[in-house]
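First listed ligand is number 1; within each ligand, the first listed atom is number 1.
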Amino acid sequence: MALVSVKQALKDAQAGGYALALFDTYDMHATDGIFQAFEEKRAHAFIGLYDRFFEQPNAAANVAYIREAAASTKVPVSLMLDHGASFEQCVRAISLGFTDVMFDGSKLPLEENIAQTKLVVRAARAVGVAVEAELGHVGSGNEYQSFGAKRSGFTDPAVVERFAAETGVDFLAVAIGTAHGVYQGEPHLDLDLLDAIRRRVEIPLVMHGGSGLSDAQFRSAIEHGIAKINVATDLFMTSATRMVGAARAKDLSYFDLAHLASDTFRERCGYYIELFGEAGRVCPSWAATPGSSTRR
Ligand code: 13P
């Protein structure tokens with residue numbers, strides 16, 4: 001199907017009390033597995049590309065592959081730049097056909113984060129692209145004890161309303177105790193903080209750093225108002241572990257490993273899609289108005 005902004009599907013998820021998974025891809029094998037999972041589970045396909053992969057020489061070819069694969073996928077697809085590092089990078093992503101962009105100004109001082117996010121929103125809105133921003137900072141799991149466990153960098157609920165109103169951002173990533181990558185120690189989610197944020201703004205809230213959380217933590221985050229969850233590390237690590245295991249087999253070929261990578265993405269993504277409650281929920285508004293608000 002054609003590519004479409006995730007905005008309406010996320011609103012539907014928020015209203016329906018489930019969450020959309022965003023899975024980050026790296027290459028065609030990961031992309032194939034991700035799309036197969038969404039198709040099998042009849043859910044809105046949502047795929048992301050990290051800013052650092054967007055800077056690789058093959059990025060345009062990678063994006064062209066994702067878009068071509070999306071065209072033959074039997075569910076609507078949204079493609080988001082994940083952790084866009086600058087206004088310029090977000091605009092380049094939009095020009096390559098991304099339907100949604102995240103601008104990550106979470107390490108900037110508040111006023112600078114607001115100013116930059118506002119600029120990205122203005123450019124994106126002109127061409128129907130939705131924008132995610134981050135308030136507070138979701139750090140790295142390998143440093144979890146020095147920030148997450150101490151609640152450092154968490155989203156300040158007192159500024160959430162102002163941030164949303166001044167930037168006009170469509171979705172907000174919040175720092176409530178998650179981290180990217182492998183957690184050092186146990187992750188703890190601050191659900192009271194999530195409630196406080198939820199009470200202050202209407203826009204869909206996003207949780208980064210999905211890998212390493214328990215099923216119960218995912219469920220309670222969704223119950224407390226998270227509508228989008230990013231998952232990456234688990235997909236790449238589980239694939240790598242399985243590929244290393246398979247590498248010991250005799251007569252192994254490159255094709256076996258490529259297939260195993262796709263299949264692992266398909267299986268792990270399918271697991272999260274079920275867990276987040278989005279299986280079978282292909283955007284009802286999309287079904288009602290096929291072809292609307294598409295970007296080709
Ligand atoms: P993990 O790699 O920890 O799952 O986090 C993914 C993420 O938040 C991408 O934006």
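- Listed by number with element, the atoms of ligand 1 under 4.0 angstrom from any heavy atom of G210 are 4 (O), 5 (O).
- Atom 2 (O) of ligand 1 has as its closest protein heavy atom T233 OG1, 2.5 Å.
- Taking atom 8 (O) of ligand 1 as the reference point, the nearest protein heavy-atom neighbour is G209 N, 2.8 Å.
- Atom 3 (O) of ligand 1 has G181 N, 2.9 Å as its closest protein atom, hydrogens excluded (heavy atom only).
- Ring centroids of Y18 and F276 are separated by 6.0 Å or more, keeping the two rings apart.
- With D27 contributing its side chain and A30 its backbone, the two residues share a donor-acceptor pair below 3.5 Å.
- At the top of the distance list for atom 4 (O) of ligand 1, counting protein heavy atoms only, stands S211 OG, 2.6 Å.
- Under 4.0 Å from ligand 1, the heavy atoms of D24 that appear belong solely to its side chain.
- Aromatic pair F87/F103: ring centres not closer than 6.0 Å.
- With ligand atoms numbered from 1 in the order given, ligand 1 contributes 1 (P), 2 (O), 4 (O), 6 (C) to contacts under 4.0 Å with heavy atoms of A232.
- Using 4.0 Å as the threshold, A179 has a heavy atom nearer than that to some atom of ligand 1.
- There is no side-chain donor-acceptor pair under 3.5 Å between D215 and Y272.
- Below 4.0 Å from some heavy atom of D82 lie the following atoms of ligand 1, by number and element: 9 (C), 10 (O).
- The distance from ligand 1 to the heavy atoms of Y50 drops below 4.0 Å at these ligand atoms: 2 (O), 6 (C), 7 (C), 9 (C).
- Considering backbone and side-chain atoms alike, H83 places an N or O below 3.5 Å from some N or O of ligand 1.
- Checked against a 6.0 Å centroid threshold, the rings of H83 and H208 count as neighbours.
- A side-chain contact (heavy atoms from CB on, under 4.5 Å) with F38 holds for exactly one of K74, H44, E278; it is E278.
- Heavy-atom contacts of V231 reach the following atoms of ligand 1: 4 (O) (cutoff under 4.0 Å).
- Annotation: F98 is in aromatic contact with F54 [ring centroid separation under 6.0 Å].
- In this structure a side-chain-to-backbone donor-acceptor pair under 3.5 Å is present from S211 to D234.
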